[in-house]
Amino acid sequence: MYEKLRGVRDFYPEDHIGRRHMHDALYATARSYGFKEVTTPSIEPLELITKKSGDAIVNEIYAFQDKGGRDICLIPELTPSIARMVISRQKELVKPVKWCSLSRHWRYERPQRGRQREFYQFNVDILGVRSSRADFETIACGIDCMLSLGLDNFRFHISDRTLIEQFFTSHGIDASQAFSIVDKRTKVNEGEFRDMLSGIGVGDECYEQLEGLLSLNGPIHETLPEVKETLGACGAHADDALTTLEEIGSLLESYGMDEHCTLDLSIVRGLAYYTDMVFEVFDKRRSMRSLFGGGRYDNLIELLGGQPMPAVGFAIGMPLLELLMREEGTWPEPSFGPDYFVVTIGDVEREAFSLIRALRAKTTVEYDLSGKNLSNQMNLANSIGARRVIIVGERDVKSHVFTVKDMETGDQQQVPMDEFYKTLKE
RNA sequence: GCCGGGGUAGGGUAGCAUGGUUAUCCUAAAGGACUGUGGAUCCUUUGACUCGGGUUCAAAUCUCGGCCCUGGCCCCA
C-alpha cells in the first residue's frame, strides 16, 4: 500500500463526470469568444519562470536538474509558457492573439482550502492589443465562465494599479512598497494598516485620502466621479487609467454585465507583474479569499525577450471552482450506467454479439464478462446502473424476439428482432 | 517554514475521560441461496486501531516524535 504524495489528488471515474462537465463548459465559453485552445509543455527551463517572478520563487516550485544538468521545473503557472509560445511566432501571429488553455500546474506549497500541489487551471489571454475593449472582453469571458458553471454568487472587483501608483507617486511615496501594504489591507486591522503606511511616509492627510479611495466600492460609472475628485490631477497615466476604466464600465453596461462588477481600487494584486487594469473575483459576501483574478500585463513579453506586446488575461483554478460548484449544488451527480445491458441465457453468443455491436454503434452497452447466471446478470445490470436490459435467451431467439426491460419502471416487453433493429437505425 | 483541529475495515461510526476477553454497529464489495428476471431477505467471505519510540504486567485508550488530512499565516506567480 502506497499513499499518494501530499497535496495531489486521484480522480476516480465518478470524479470525472463533474470534471468533464466543468471543462466542457469553460472551453465552450472561451470558444464562443473566439479563444483558441493551446497546450504548453509541463516542464520549462527554470529561468523562464525566475525571469518573470524572481529567484525566490524557486523555493515554492518543483525545480530540479535533469539528467543533462539543465535547471528545469514543473510549471507553476501558464503565463510564461504562453509568452514563450507567442514570442517564437510573434511576427506571424494575427493580432489579437486570443488563446485559452486548461493546464496542469505544480507548486510546492502547503495545501489548504482550494489549493493543492498539483492542480488544473484555466487560462484566457488576449495578446497584441492594448485597448479597453480587450480588457472588457477578458472580464466578460471570465463572467460568462462563472455563469456557464451555474455560479452567480460572485462579483468582479475591478481596478487599475496605475491609479493607486500615481496617487502614491504624487505624494512622494515609493509605490512598490505601498502596493504590498495595500494588498494586506483586509488581512490586518486598521491600526496596523495605518502604522505600516506611516512607516513608508504616509501622513495623516494622505492616509485619509487613500482610505477614501480604497473604501470606494460600487458600480463603475457611479463611483468613478468620486475617484476623479479625490485623485485630482495625478498626471497623464492616471488620466489614461480613468478613461480606460470608464470605457470598461460602459462596455460592461452595454453588454449587460455591470451587475456582476464593482469598482474597487483596493485591488492591486500583490507584487504581481500587472501593469494597468487588474481584477479579482470574490463571492458576494466576501466571506472567502479571492476566487481568482487577472489583469493587464504589458511588460512581460518584452521582459521574456520578445518585441514589446501588450497582454491581458486571467487564470482560474479548478479546485476552487469545484468547491464553489459543490456548495452551490451545480456539481453534477455522477450517473454513468450504460444505456443497455445485454443478458444472455444459454448458447446465444452470435445473436447477442450482433445486437451488442449494433447498439454500440449508437450508445453504450455492457454485458456480463464472467459467466453469471440470469439472476446474477440482472443483479450486475442493476448495480452498475444500466437503464435497460435486453434479454437474449434461447427461447427468444427461437421466436425471433428480444425481451427489453426498463430497469427503472420494471416494464418489460418482447420486441421482434427485425423491428428492434429497424428502430435502432432511425 | 509557522500556528490550530484531526486520523478506528473501501465509506460512515462505537469504544478513549477511568488502559484489561476475540474492537461495536451500519454500509459497501466479492461469492452463494434463486437454473427465464434486478432492487428485498438470508448465509459466507474480505476488511481497521496512521507509523515509530516511551510508560506499563498490559496501550485504540496515556505520552513524545514522524507522516497524512484539514482551517489559517507566509506566499499566491
Could you measure between the two [atom1] atoms, the one in [N] and the one in [M], and give it in whole Å?
| N | M | atom1 | value |
| --- | --- | --- | --- |
| B:U70 | B:U50 | C1' | 15 Å |
| B:G53 | B:A58 | P | 14 Å |
| B:U13 | B:C51 | C1' | 23 Å |
| B:A48 | B:U24 | C1' | 12 Å |
| B:G10 | B:A28 | C1' | 7 Å |
| B:C73 | B:G52 | P | 35 Å |
| B:C49 | B:G15 | C1' | 11 Å |
| B:A23 | B:G47 | P | 14 Å |

The side chain of [X] is closest to which nucleotide in this list: [options]?
| X | options | answer |
| --- | --- | --- |
| A:Tyr273 | B:A77, B:G72, B:G36 | B:A77 |
| A:Glu109 | B:U70, B:C75, B:G38 | B:C75 |
| A:Arg110 | B:C68, B:C3, B:A77 | B:C3 |
| A:Lys184 | B:G36, B:C75, B:U70 | B:C75 |

Length of the line joining [X]:[atom1] and [N]:[atom2], which is rounded to integer Å:
| X | N | atom1 | atom2 | value |
| --- | --- | --- | --- | --- |
| A:Gln414 | B:G36 | CD | P | 15 Å |
| A:Trp106 | B:A77 | CH2 | P | 19 Å |
| A:Lys405 | B:G39 | NZ | P | 10 Å |
| A:Ile391 | B:G38 | CD1 | C1' | 10 Å |
| A:Met378 | B:A33 | CE | C1' | 18 Å |
| A:Glu60 | B:C74 | CD | P | 12 Å |
| A:Asn379 | B:A28 | CG | P | 12 Å |
| A:Arg113 | B:G6 | CZ | P | 20 Å |

Which part of the nucleic acid does [X] contact within heavy-atom distance under 4.0 Å: base, sugar-phosphate only, or nothing?
| X | answer |
| --- | --- |
| A:Gly54 | nothing |
| A:Gly7 | sugar-phosphate |
| A:Thr79 | nothing |
| A:Lys4 | nothing |
| A:Ile49 | nothing |
| A:Asn59 | nothing |
| A:Gln412 | base |
| A:Lys372 | sugar-phosphate |
| A:Leu380 | nothing |

With hydrogens left out and only the distance checked, is there a donor-acceptor pair under 3.5 Å joining [X]'s side chain and the base of [N]?
| X | N | value |
| --- | --- | --- |
| A:Arg115 | B:C75 | yes |
| A:Asn376 | B:G31 | no |
| A:Asn382 | B:G38 | yes |

request  = Assign each of A:Lys52 and A:Arg117 to its nearest nucleotide of RNA chain B by heavy atoms, then name whichever residue's nucleotide is nearer the 5' end.
outcome  = A:Arg117

message = Judged by each residue's nearest nucleotide on RNA chain B, which is more toward the 5′ side, A:Ala386 or A:Pro76?
response =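 Result of the comparison: A:Ala386.
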
Check whether more than 12 heavy atoms from other residues, nucleotides or ligands sit under 6.0 Å from atom [atom1] of [X], and answer yes or no.
| X | atom1 | value |
| --- | --- | --- |
| A:Arg155 | CZ | yes |
| A:Arg19 | CZ | yes |
| A:His23 | NE2 | yes |

So does [X] get a side-chain nitrogen or oxygen closer than 4.0 Å to the phosphate oxygens (OP1/OP2) of [N]?
| X | N | value |
| --- | --- | --- |
| A:Ser375 | B:U37 | no |
| A:Arg395 | B:G36 | no |
| A:Arg269 | B:A77 | yes |

query = Is the shortest distance from a Lys or Arg side-chain nitrogen in A:Lys398 or A:Glu351 to a carboxylate oxygen in the other one below 4.0 Å?
reply =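 No, no charged N to carboxylate O under 4.0 Å.
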
request  = May I ask you to decide whether A:Glu322 forms a salt bridge with A:Arg9, counting only side-chain N to carboxylate O separations under 4.0 Å?
outcome  = yes

Partner lookup for [N], please. Criteria are Watson-Crick or G-U wobble with both distances under 3.5 angstrom; report none if nothing qualifies.
| N | value |
| --- | --- |
| B:C57 | B:G20 |
| B:C68 | B:G6 |
| B:C74 | none |
| B:U41 | B:A33 |

query = What closest approach, in Å, do A:Met417 and A:Val397 show between heavy atoms, and which atom pair accounts for it?
reply =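 For A:Met417 and A:Val397, the tightest heavy-atom pair comes out as CE-CA, 3.9 Å.
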
key: Donor-acceptor pair, side chain of A:Asp276 and main chain of A:Asp160, under 3.5 angstrom   = no

ask   = Under 3.5 Å, is there a donor-acceptor pair between the side chain of A:Ser148 and the main chain of A:Leu26?
value = no

request  = Assert yes or no for the condition that the ring centre distance of A:Phe156 to A:Phe154 is strictly below 6.0 Å.
outcome  =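 Ring centroids of A:Phe156 and A:Phe154 are less than 6.0 Å from each other.
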
